[in-house]
Each structure stands twice: as C-alpha cells, then as structure tokens.
Enquirer: 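Let me begin by handing over the structure; questions about it come next.
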Amino acid sequence: MSLIESLRDGKSGVIRNALLLGFVFCLAWGNPLGAQETLIQGLEKITQSPRFKHAHWGALFVDRETGQVVFEHNTDKLFIPASTTKLYSVATALKEFGAEYRFRTPVVRRGDVSPEGVLEGDLILVASGDLSFGGRTSPEGTLAFADGDHTYANGNPDAELTAPDPLAGIQELAEQIAKSGIRRVRGDVLIDDRLFEKAESSGSGPSQVTPVLINDNLIDFQFKPTQPGLPAELVVRPATSAFQVESKVLTVGSDQSPEIEIRDLGSGRFSITGQVPAGHTPVLRVHEVADAASLARTVLIEALLRKGIQADAPTLAEAQKDRLPRVDEVKTLPKVAELTSLPFSESIKLILKVSHNLHASTLPLLVAANHGETTLAAGLKRQHDFLKEAGVEVETISFAGGAGGTRSDYVTPRATVQLLRYMATRPDFPIYQAALPRLGVDGTLAKNIPPDSAVRDKVQAKTGTLYTGNTMNGTTLMTSKALAGYMTTAKGKNLIFAMFVNNAHLRDGVTAKTFGDDLGKFCEAIYLKE
C-alpha cells in the first residue's frame with residue numbers, strides 16, 4: 001500500500017505522519033502547500049517531484065525511551081545503507097573491545113645483544129592492527145581529524161592533512177629500542193603482519209585492509225601555489241626515502257582550476273604533472289602504497305638510524321616475510337619496545353566523524369583476531385551474533401564488509417533503529433553517541449544546514465553517501481544517501497531515526513549534497529514539530 005493510499009485508508013497514525021511528511025517536503029523544497037490545496041493533492045505533487053521520481057526511500061523515527069513511532073515509511077524495505085553500515089561495525093567492535101581498549105604493538109628481538117649493544121639477529125615489529133599507529137595523536141591526547149579526511153582527497157576538494165606527524169608512532173618505537181641498549185642490528189628488520197588475512201576495503205579510499213597501517217597506507221602529495229609560472233611547493237608525507245617524486249606541477253592564474261595527474265612508475269617512483277591556481281588553498285592528492293609491510297620496514301629502519309642505531313640490512317628492500325619465525329615462537333621473544341595507542345573510543349570517533357572506510361573495514365577483522373580467527377567472514381559472523389543478541393532483526397539485513405559499499409550491504413530502517421535503540425541502553429552509550437557527527441558542527445554533517453538553523457547541534461547521526469557513474473548518459477546515479485542516529489526536539493523529546501534515499505539521478509544541478517541537505521531539513525522539521 002502506498003503512502004497516499006494509506007492516507008486515504010485512514011489507518012491509525014498515518015494521517016498525522018503524512019501531514020508531517022507534507023510539511024517536511026514543503027520545507028525541504030520550498031514548495032509550500034497553498035491554503036486551497038488538500039493534503040493529498042500536496043503530497044501527490046511533492047512525491048512526484050523530479051528529483052524523487054525514480055527514488056526509493058524510507059524512514060523511521062521513534063521515541064528513544066518508549067519506542068513509540070513518530071513517523072514511518074517503508075520501514076521494512078531493504079535499502080543500500082552506504083556508510084551508515086559503520087553504525088553496525090563500530091557497535092560490534094565497541095562491545096567486543098570496550099571504550100578503553102588500547103592497541104599494543106611490540107617490537108621483539110630474535111638473537112642476543114652484546115655488551116656493546118650489537119644485536120646478533122633480527123628486530124621484529126608485530127603488527128596489532130593499530131588503526132592510527134600514533135600518526136594522529138594531538139598534543140591534547142586525542143586523535144586529530146579534519147572534516148574532510150585525507151583518505152578521500154582524490155575525490156573531495158575539501159580534504160585536509162592533520163597536524164601530527166604520521167611517523168610519530170614509528171619514531172616512538174625507535175626511541176624505546178635505543179633506550180633498550182641496542183646500537184646495531186646485524187640481522188634484518190622484519191614486519192610480522194599475520195594478525196589476520198588481508199582483505200579488500202569497501203567504499204572509497206585505500207583498497208587493502210592490512211594489520212599494519214602507516215598514514216592509512218597512503219602517500220600524501222600536497223601542492224601549495226606560489227607565483228604564476230613557477231613550480232608549486234610540494235609536501236610529501238610520510239617523509240621517507242621510500243618514495244622518489246618528480247613534480248612538474250606549476251602555479252597558474254587564479255582563474256584556472258586545479259589539475260593533478262600522478263603516474264606511478266613503480267619501485268616507489270612517481271611523476272606528477274598539473275597545475276594549481278595562484279591564491280588557491282593547498283591541493284591534496286593521495287596514492288596508496290603498494291606494500292604496507294615494506295613501507296613500515298623502511299620507515300622503522302630510517303627511524304632507527306636517526307636514533308643512532310645502525311641496521312646492516314638494506315633500507316629499501318621489500319619485507320622478507322619468509323624469514324619470520326613461527327607465530328607461537330614470536331610470542332616468546334624478548335620485547336624491546338611497545339607502542340600503546342590512545343583509547344579505542346578515539347578510534348571510533350575518527351571512524352564515525354569522518355566516515356573512515358579503511359578503519360571501519362578493519363573492524364570485523366580485528367573482532368575475528370580477538371578470538372584467534374583471521375578472516376573477514378569470521379568477523380562478520382561475530383557481528384551477526386552480537387546484533388542478534390542486541391535484538392536486531394538480523395536475518396532481515398545483509399552485510400559483506402564493515403564500511404558500506406559492497407554489493408551485499410542492505411539494511412532496513414527498522415533494523416537500524418533497533419540497533420540504535422539498543423546502543424542507547426548500554427553504559428558506553430555516551431561514547432557511541434559522542435563519536436557521531438553533529439549536525440551543523442563537525443564531521444560529515446558540518447555543512448548540511450545553515451549556521452543559524454534551529455536544529456544545529458541537536459542531531460548526532462551517521463551519514464551515508466554512495467554513487468556511481470551513469471556512463472551511458474554521462475551523469476551520476478546516487479545509489480544511496482542516508483542518515484541515522486539520535487536527535488533532541490525543541491520540546492525536549494529524545495528520538496532515534498533512520499532515513500534512506502536510494503537510486504536518484506544526479507543531474508541538472510542536483511547533487512548528493514542536495515539530498516544530504518534535504519535530510520538535514522527533514523530533521524529540522526521533526527525538531528520543530530515534535
């Protein structure tokens with residue numbers, strides 16, 4: 001039964017909800033219902049709006065305390081969730097590890113150390129899956145993030161670098177190794193990345209999920225304009241001899257557009273051409289490293305050298321995984337250093353605030369590893385069991401990853417609200433809620449409403465955006481725009497909600513942000529009416 005048919009049918013609660021929906025759409029699209037129009041006519045006019053003509057959408061708003069439905073539409077239909085998937089994977093990991101959990105990454109030695117500090121053997125860094133590896137730690141002891149994360153720089157012009165040195169964790173390990181008394185390593189420097197099997201990340205950003213992450217396994221290329229006709233200033237992060245970069249990016253007139261082309265020549269060599277307009281903000285581009293373990297090995301050897309520790313092994317060689325001892329043997333080797341992360345609560349804040357696909361994709365594998373398992377499938381099975389225990393109708397939904405973006409990811413508004421309502425009953429709920437983007441304030445919701453909106457900072461919710469190229473028509477199809485989380489209304493009522501819009505054409509000035517703004521206005525209308 002359609003919404004209009006339900007309205008005519010007059011079933012309990014539908015008239016009120018339809019009236020509210022009409023108000024919402026009018027507010028969102030500036031198409032107020034005339035005094036002479038009936039509600040049904042107004043709804044028919046709005047739901048036939050060109051940008052929603054082909055869309056599939058649904059929503060559910062409930063009272064957080066009582067569960068009473070405030071508004072619902074297509075509550076049990078399946079929708080592509082995009083990055084609202086992260087609500088599920090983060091909730092599972094938070095329950096698994098707890099907010100205070102800290103990753104611990106040890107460096108052990110295989111061999112004896114002489115009185116002169118010579119290690120007759122190997123140093124082994126044992127990857128723990130630490131998501132930031134000290135590379136985002138701010139002086140305040142929090143994980144630094146920008147509303148536009150660097151992992152999305154190739155598709156987001158607002159992407160920025162954060163201030164902390166991405167090699168800070170590696171440098172701390174090198175300092176501890178020096179304090180242990182080692183002055184020379186005659187063997188090799190090895191990276192043990194056997195915590196879990198490598199997998200593909202879903203969504204945009206880095207494609208490979210690995211147990212060791214240095215700068216999200218990305219190379220940052222930041223171009224700062226100088227004067228027209230002169231080369232742009234280039235900053236490469238992380239700073240390492242592993243990369244050789246030839247830049248022919250010029251500064252051009254301020255009336256031109258940024259254009260950057262990165263050519264990967266292999267073996268860590270890059271040729272970059274293009275232009276940056278004078279007076280433009282720094283232009284950021286990223287490139288995924290080919291081998292995360294080899295990068296970790298190189299930057300660790302370089303850090304050792306800076307601390308006066310000589311490593312006989314070549315700095316730029318690939319990681320020699322066949323030289324690793326058995327896993328059970330590694331656990332018995334003497335520890336010479338250990339990097340301890342910030343609390344896990346900081347990691348989930350980063351994941352949810354900026355919608356970090358790589359870190360979210362890692363979560364199911366970390367859950368699996370916590371039980372001695374190594375596969376994505378094992379981690380998702382653990383997630384299934386958690387969701388079932390939480391009262392989520394888990395058999396009605398589908399996931400194939402932790403970040404959103406796989407072809408198998410589908411949820412219902414009802415299941416999403418069930419998860420959110422369960423999380424609101426947990427002792428760690430304040431951590432979960434605080435990690436969500438705040439409407440009009442930060443993260444992926446920073447710019448969805450005007451600064452003076454009444455609903456600013458009254459909504460904490462996870463966004464989702466997924467689109468693909470409509471090659472035949474030379475346009476874009478938005479497969480999903482979503483928003484789900486918590487809000488407090490003008491009357492002080494606490495609500496839980498989930499909204500999804502799937503399969504809408506982006507053309508004629510309509511963008512994914514247009515729909516994001518619409519969802520923000522939807523929240524504004526609910527805020528004012530409830």
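This chain uses plain numbering: 1 for the first residue, then up along the sequence.
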Enquirer: What's the separation between atom NE2 in His356 and atom NZ in Lys349, rounded to the nearest 0.5 Å?
Expert: 14.0 Å
Enquirer: Answer yes or no: is there a side-chain heavy-atom contact under 4.5 Å between Thr362 and Phe196?
Expert: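 They are in side-chain contact.
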Enquirer: Any side-chain heavy atom of Leu506 sitting closer than 4.5 Å to one from Leu477?
Expert: no
Enquirer: Please check if the side chain of Ser355 supplies one atom and the backbone of Leu352 the other of a donor-acceptor pair under 3.5 Å.
Expert: no
Enquirer: Any side-chain donor-acceptor pair under 3.5 Å between Thr142 and Glu140?
Expert: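 Their side chains do not contain a donor-acceptor pair, so the 3.5 Å distance test is not met.
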Enquirer: Any chance the side chains of Lys481 and Thr465 put a donor and an acceptor closer than 3.5 Å?
Expert: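 On atom types as modelled, these side chains qualify, holding a pair under 3.5 Å.
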Enquirer: Backbone N or O of Ser202 within a donor-acceptor pair of the Ser361 side chain at under 3.5 Å?
Expert: yes
Enquirer: Is a donor on one side and an acceptor on the other found under 3.5 Å between the side chain of Ser114 and the backbone of Val118?
Expert: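 Such a contact is found between Ser114 side chain and Val118 backbone.
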Enquirer: Can Arg109 and Asp122 be counted as an ion pair, charged N to O under 4.0 angstrom?
Expert: no
Enquirer: Below 4.5 Å, heavy atoms only, C-beta onward: do Pro325 and Ile124 meet side chain to side chain?
Expert: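 Of all side-chain heavy-atom pairs linking Ile124 with Pro325, at least one is under 4.5 Å.
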Enquirer: Please report the closest heavy-atom contact between Asn215 and Pro238, naming both atoms and the distance.
Expert: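 Reported closest heavy-atom pair: ND2-CD, 3.6 Å.
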Enquirer: Looking at Arg297 and Asp188, is any side-chain nitrogen of the basic one under 4.0 Å from a carboxylate oxygen of the acidic one?
Expert: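 Looking at Arg297 together with Asp188, the answer is yes, because their closest N to O distance falls below 4.0 Å.
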Enquirer: When you measure from the side chain of Thr85 to the backbone N and O of Ala82, does any donor-acceptor pair fall under 3.5 Å?
Expert: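 A pair under 3.5 Å: yes.
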Enquirer: With a 4.5 Å cut-off on side-chain heavy atoms, are Val289 and Ile219 touching?
Expert: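 Yes, side chains in contact.
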Enquirer: Give a yes or no on this: more than 12 heavy atoms of other residues, nucleotides or ligands lie within 6.0 Å of atom CD of Glu120.
Expert: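 Yes, CD of Glu120 has more than 12 neighbouring heavy atoms, counting only those of other groups under 6.0 Å.
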Enquirer: Could you tell me which non-hydrogen atom of Gly148 sits nearest to which non-hydrogen atom of Asn156, and how far apart they are?
Expert: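 Scanning both residues, the minimum pair turns out to be CA-ND2, 3.8 Å.
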Enquirer: Where do Glu116 and Arg183 land on the side-chain contact (heavy atoms from CB on, under 4.5 Å) test, with the steps shown first?
Expert: CA-CA 8 Å; Glu116 294 76 28; Arg183 293 292 175 265; over 6 Å; no
Enquirer: Quick one, Glu246 with Ile272, criterion side-chain contact (heavy atoms from CB on, under 4.5 Å). Give me CA distance, side-chain angles, the key distance, then yes/no.
Expert: CA-CA 6 Å; Glu246 176 189 56; Ile272 308 178; over 6 Å; no
Enquirer: Please work out which of the three classes, parallel, tilted or perpendicular, describes the rings of Phe103 and Tyr101, given edges at 30° and 60°.
Expert: perpendicular
Enquirer: Within the structure provided, determine whether Thr416 and Phe500 are in side-chain contact (heavy-atom separation under 4.5 Å).
Expert: yes
Enquirer: Could you report the tightest heavy-atom contact between Asp147 and Ala446, atom names first, then the distance?
Expert: OD2-CB, 3.7 Å
Enquirer: Hydrogens and angles aside, do Thr340 and Arg104 bring a side-chain donor and acceptor to less than 3.5 Å of each other?
Expert: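 Note: Thr340 and Arg104 side chains meet the donor-acceptor criterion.
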Enquirer: Between Asp149 and Thr151, do the side chains contain an N or O donor and an N or O acceptor separated by less than 3.5 Å?
Expert: yes
Enquirer: When you compare the side chains of Thr210 and Asn217, does any donor N or O come within less than 3.5 Å of an acceptor on the partner?
Expert: yes
Enquirer: Under a 3.5 Å threshold, yes or no: a donor from one side chain and an acceptor from the other, between His384 and Glu395?
Expert: yes
Enquirer: Do Leu218 and Pro206 have side chains that get closer than 4.5 Å, going by heavy atoms?
Expert: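 Yes. Closest side-chain heavy atoms under 4.5 Å.
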Enquirer: Among Lys381, Lys388, Arg382, find the residue that satisfies the side chain to side chain donor-acceptor pair (under 3.5 Å) test when tested with Asp385.
Expert: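 Checked Lys381, Lys388, Arg382 against Asp385; only one passes side chain to side chain donor-acceptor pair (under 3.5 Å): Lys381.
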Enquirer: Quick one: do Arg285 and Asp220 make a salt bridge, cutoff under 4.0 Å?
Expert: no
Enquirer: Do the side chains of His150 and Asp216 get nearer than 4.5 Å, heavy atoms only?
Expert: yes
Enquirer: Give a yes or no on whether a salt bridge exists between Arg269 and Asp264, defined as a side-chain N under 4.0 angstrom from a carboxylate O.
Expert: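 Result for this pair is no, no salt bridge flagged.
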Enquirer: As an exercise, state the distance from CD1 of Ile262 to CG of Asn154, rounded to the nearest 0.5 Å.
Expert: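 Ile262 atom CD1 to Asn154 atom CG measures 6.0 Å (nearest 0.5 Å).
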Enquirer: Checking the side chain of Thr226 only, and the main-chain atoms of Pro231 only, is there a donor and an acceptor separated by less than 3.5 Å?
Expert: yes
Enquirer: State whether the side chain of Glu288 and the backbone N or O of Gln208 hold a donor-acceptor pair below 3.5 Å, judged by distance alone.
Expert: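 Judged by distance alone, yes, a pair lies under 3.5 Å.
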Enquirer: Do Ser241 and Glu302 meet the criterion of a side-chain donor-acceptor pair at a distance under 3.5 Å?
Expert: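 Yes, side-chain donor-acceptor contact under 3.5 Å.
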Enquirer: Counting only heavy atoms not in Asp328 (residues, nucleotides, ligands), do more than 12 fall under 6.0 Å from its CG?
Expert: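 Yes, because the 6.0 Å sphere around CG of Asp328 holds more than 12 heavy atoms from other groups.
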Enquirer: Do the charged groups of Asp192 and Lys331 touch, with an N to O distance under 4.0 Å?
Expert: no
Enquirer: Can you check side-chain contact (heavy atoms from CB on, under 4.5 Å) on Ile260 and Val283, steps first, answer last?
Expert: CA-CA 9 Å; Ile260 305 292; Val283 176; 4.2 Å; yes
Enquirer: In the structure I gave you, are the side-chain heavy atoms of Val330 and Arg194 within less than 4.5 Å of one another anywhere?
Expert: yes
Enquirer: Any chance you could measure Ile214, atom CD1, to Ser132, atom OG, to the nearest 0.5 Å?
Expert: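 Separation between the atoms: 10.5 Å.
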Enquirer: For the CZ atom on Arg306, are there more than 12 heavy atoms of other groups (residues, nucleotides or ligands in this structure) within a distance under 6.0 Å?
Expert: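 Above 12, so yes.
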Enquirer: Quick one: does any side-chain atom of Gln275 pair with a main-chain N or O of Ser257 as donor and acceptor, under 3.5 Å?
Expert: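 Side chain of Gln275 to backbone of Ser257, a donor-acceptor pair under 3.5 Å: yes, one is there.
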Enquirer: Roughly how far, to the nearest 0.5 Å, is CG of Leu304 from CD1 of Ile177?
Expert: 5.0 Å
Enquirer: Could you report the tightest heavy-atom contact between Leu420 and Gly485, atom names first, then the distance?
Expert: CD1-N, 3.6 Å
Enquirer: Determine yes or no for a side-chain-to-main-chain donor-acceptor pair under 3.5 angstrom, with Asp130 supplying the side chain and Val212 the backbone.
Expert: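 Judged by distance alone, no pair lies under 3.5 Å.
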Enquirer: For Asp158, is there an ion pair with Lys447 - N to carboxylate O distance below 4.0 angstrom?
Expert: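 Asp158 and Lys447: salt-bridged.
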Enquirer: May I ask you to check whether Phe79 and Tyr410 place their ring centers less than 6.0 Å from one another?
Expert: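 Not close enough - the centres of the two rings lie 6.0 Å or further apart.
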Enquirer: Which pair of non-hydrogen atoms, one from Val286 and one from Ala153, has the smallest distance, and what is that distance?
Expert: CG1-CB, 4.1 Å
Enquirer: Can any side-chain N or O of Asp442 pair as donor or acceptor with the backbone N or O of Arg438 at less than 3.5 Å?
Expert: yes
Enquirer: Between Gln418 and Glu393, does the side-chain hydrogen bond (donor to acceptor under 3.5 Å, both in side chains) criterion hold? Intermediate values first, please.
Expert: CA-CA 8 Å; Gln418 287 170 343; Glu393 296 175 5; 3.1 Å; yes
Enquirer: Side chain of Asp428, backbone of Ile431: donor and acceptor closer than 3.5 Å?
Expert: no
Enquirer: Between Phe429 and Tyr486 (judged by ring centroids, cut-off 6.0 Å), do the two rings come close enough to count as a pair?
Expert: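 Here the rings of Tyr486 and Phe429 have centres that are less than 6.0 Å from each other.
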Enquirer: Measure the CG-CD distance between Leu300 and Gln171 for me, rounded to the nearest 0.5 Å.
Expert: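 Here the rounded value is 11.0 Å.
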Enquirer: What's the shortest heavy-atom distance between Leu316 and Ala242, and which atoms?
Expert: CD2-CA, 3.8 Å
Enquirer: Is the count of non-hydrogen atoms from other residues, nucleotides or ligands lying under 6.0 Å from Glu200 atom CD greater than 12?
Expert: no
Enquirer: Find the distance between CG (Leu466) and OG (Ser83) and round it off to the nearest 0.5 Å.
Expert: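 Atom-to-atom, Leu466:CG and Ser83:OG are 8.0 Å apart.
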Enquirer: Applying side-chain contact (heavy atoms from CB on, under 4.5 Å) to Val367 and Gln383, what does each step give before you reach the verdict?
Expert: CA-CA 8 Å; Val367 170; Gln383 178 170 303; over 6 Å; no
Enquirer: Would you please indicate if the ring centroids of His287 and Phe270 are separated by under 6.0 Å?
Expert: yes
